Amino acid sequence: MPSLSEAFQAHPVYLHHKHPDFNSLQEQLPDSYAWTQPDSDHHSNNTTTSTVPVIDFKDPNASNLIGHACKTWGVFQLVNHGIPMNLFTDIQTACLALFSLPLHQKLKAARSPDGVSGYGRARISSFFPKLMWSECFTILDSPLHLFLQLWPQDYAKYCEIVKEYEAAMKKLAAKLMCLVLASLGISKEDIKWAGPRGEFNGACAALHLNSYPSCPDPDRAMGLAAHTDSTLLTILHQNNVSGLQVLKDGEGWVALPPLAGGLVINIGDLLHILSNGLYPSVLHRVRVNRSWQRFSVAYLYGPPTNVEISPNEKLVGPGRPCLYRSVTWNEYLGKKAKHFNKALSAVRVSSSINGLFDVREDQNNDFQVG
């Protein structure tokens, strides 16, 4: 089976700016980080009263609630999910320890242009003329080699934290997939790689640690530009600092504040394809602030790399044409690396559902920079 990293090797990203030391940039925002002066609709915090749905995982009606949230928002917050709070504390400790290291130490585990694992800037940086006020660290498979570079003495402790966190996320992601599929009228038996008990053991995933340092001019900076994820699902833990925003059709950008013990679940492009456009892959971005550093941990969850993802046959019929062709995650990552937020267009075979156009492309075109 091809590895997830092969897609990145085939599409290297060369970021020509040096890695910044954000501690030295606290007095004035450099021009390279100053985005276009925001207008009141696209860039500033929205005053809408809308709130992202919060769903209790133990609710007997959880599947229907999840389905409604996926269809109307493409994102929801999940509580009572069973993940121990100490795991969140531990992974935040690891984030703080990692991003507090001196820059020269972090660069010992720097990500290569054709790699996915290691320290660096967001891969989407290459699509924008301005830099983002953030740094990240991606873990694909074992973090041992990378952590040996960062913590020659303490690597084992942090490896164990990552191992436990990933194991917990994998179990939760499988449970979520079963509920999301059920909300679409799809059983685990309809998905060949789901396994006999719906454990989805063949799934691929990556762990993405993010840091958004305090910023001297947050109104002109961008932590992470608007994008959708290539995943089936992304499970996000955020610390107690706000910054995440999602695009709600007809309302603009909506803040998604941290919820104690909660997890943000957002739909990715592959689930949008599998649902034949019923569940939108949500556009999201991150703003920064003047006083506090924000951390988040994203579990990027997808299918086995060689499994073809296509609109499920139960969601295709005379009144609902098939919107997308089959695509593997590896192939789609290649499309994403080339087309970014227009990647879905590159695998689309039909644009209408009963005369209505799929909204993804219009939104992606309008809100890339914010």
Side-chain angles (χ1 to χ4, degrees), residues 1-9 12-13 15 19 83-125 134-174 200-213 224 229-239 263 293-305 329-330 333:
M1 180 185 299
S3 67
L4 194 58
S5 62
E6 288 182 10
F8 295 96
Q9 292 171 358
V13 175
L15 303 176
H19 292 282
I83 306 297
M85 285 299 296
N86 68 286
L87 267 186
F88 296 138
T89 301
D90 289 345
I91 201 69
Q92 283 193 40
T93 298
C95 283
L96 179 60
L98 192 160
F99 292 113
S100 297
L101 289 170
L103 179 60
H104 70 85
Q105 188 71 12
K106 288 183 283 193
L107 289 177
K108 292 181 179 179
R111 182 175 58 233
S112 64
D114 63 349
V116 59
S117 296
Y119 172 78
R121 291 193 297 271
R123 286 180 61 90
I124 67 172
S125 298
S134 59
E135 52 186 336
C136 61
F137 195 96
T138 304
I139 299 167
L140 188 64
D141 303 319
S142 172
L144 177 60
H145 174 70
L146 296 168
F147 283 8
L148 272 169
Q149 312 304 313
L150 299 177
W151 299 290
Q153 308 302 322
D154 296 328
Y155 67 90
K157 174 176 68 174
Y158 296 112
C159 283
E160 188 61 28
I161 289 173
V162 167
K163 180 181 177 181
E164 289 185 19
Y165 192 84
E166 287 182 324
M169 290 296 112
K170 181 179 180 180
K171 290 181 180 178
L172 177 60
F200 293 89
N201 277 337
C204 288
L207 197 65
H208 199 62
L209 314 180
N210 303 290
S211 168
Y212 304 92
L224 193 62
D229 294 341
S230 68
T231 58
L232 288 168
L233 296 171
T234 299
I235 304 176
L236 183 82
H237 163 67
Q238 49 183 345
N239 70 348
L263 288 165
Q293 184 174 21
R294 180 178 182 271
F295 295 117
S296 69
V297 181
Y299 185 73
L300 308 171
Y301 183 79
T305 55
W329 197 8
N330 259 17
L333 285 169

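Bear in mind the structure is a predicted one, so any value in this text is a computation, not a measurement.
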(request) Tell me, please, which residues at least two apart from Leu148 pass side-chain contact (heavy atoms from CB on, under 4.5 Å). (result) Leu144, Tyr155

(message) If I compare all heavy atoms of Pro304 with all of Gly202, which pair ends up nearest, and what's the gap?
(response) CG-O, 3.1 Å

(message) Return the CG to CG distance between Leu150 and Leu107, rounded to the nearest 0.5 Å.
(response) 10.0 Å

(request) Over all heavy atoms of both residues, which pair between Phe99 and Leu209 is shortest? Give the atoms and the distance, please. (result) CZ-O, 3.5 Å

(request) Looking only at non-hydrogen atoms, find the nearest pair between Leu207 and Val162 and report the distance. (result) CD2-CG1, 4.0 Å

(request) Give the minimum heavy-atom separation between Ser134 and Pro213, together with the two atoms involved. (result) CA-CD, 4.3 Å

(request) Please examine the side chains of Ser117 and Asp141, heavy atoms only from C-beta on, and report whether any two atoms are closer than 4.5 Å. (result) no

(request) Just jot down the side-chain contact (heavy atoms from CB on, under 4.5 Å) partners of Leu224, sequence neighbours excluded, or say none. (result) Ala122, Ile124, Met132, Tyr212, His227, Val286

(message) Just to verify, what does Thr234 make a side-chain hydrogen bond (donor to acceptor under 3.5 Å, both in side chains) with, not counting sequence neighbours?
(response) Asp229, Thr231

(request) Hey, could you give me the SG/CG distance between Cys204 and Leu300, rounded to the nearest 0.5 Å? (result) 12.0 Å

(message) I want to check something: taking the side chain as every heavy atom from C-beta on, are Ile91 and Phe295 in contact at a cut-off of under 4.5 Å?
(response) no

(message) According to side-chain contact (heavy atoms from CB on, under 4.5 Å), who are the partners of Ala168, at least two apart in sequence or on a separate chain?
(response) Ile83, Leu87

(request) Looking only at non-hydrogen atoms, find the nearest pair between Arg294 and Leu236 and report the distance. (result) NH2-CD2, 4.3 Å

(message) By the salt bridge (Lys or Arg N to Asp or Glu O under 4.0 Å) test, which pairs, at least two apart or in different chains, include something from residues 83-108?
(response) Lys106-Glu135

(request) Apply ring pair (Phe, Tyr, Trp, His ring centres under 6.0 Å) to His237 and list each qualifying residue two or more places apart in sequence or on a separate chain. (result) Phe88

(request) List for me each residue that meets ring pair (Phe, Tyr, Trp, His ring centres under 6.0 Å) alongside Tyr301, sequence neighbours excluded, and say none if there are none. (result) none

(message) What I'd like to find out is whether the side chain of Phe200 reaches to under 4.5 Å of the side chain of Lys170, using heavy atoms alone.
(response) no

(request) With sequence neighbours left out, write down each residue that passes side-chain hydrogen bond (donor to acceptor under 3.5 Å, both in side chains) with Ser230, or none if nothing qualifies. (result) Trp329

(message) Nearest 0.5 Å, please: how far is CD in Gln238 from CD in Gln92?
(response) 10.0 Å

(request) Check Cys136 against Arg111 and note the closest heavy-atom contact, atom names and distance. (result) SG-NH1, 3.9 Å

(message) To the closest 0.5 Å, what do you measure between OG1 (Thr138) and CG (Leu140)?
(response) 8.5 Å

(request) Just jot down the ring pair (Phe, Tyr, Trp, His ring centres under 6.0 Å) partners of Tyr119, sequence neighbours excluded, or say none. (result) His19

(message) Just to verify, what does Pro102 make a side-chain contact (heavy atoms from CB on, under 4.5 Å) with, not counting sequence neighbours?
(response) His104, Gln105

(request) For side-chain contact (heavy atoms from CB on, under 4.5 Å), just list the numbers for Leu172 and Leu263, CA-CA rounded to whole Å, side-chain angles, deciding distance to a tenth of an Å, and then say yes or no. (result) CA-CA 11 Å; Leu172 177 60; Leu263 288 165; 3.6 Å; yes

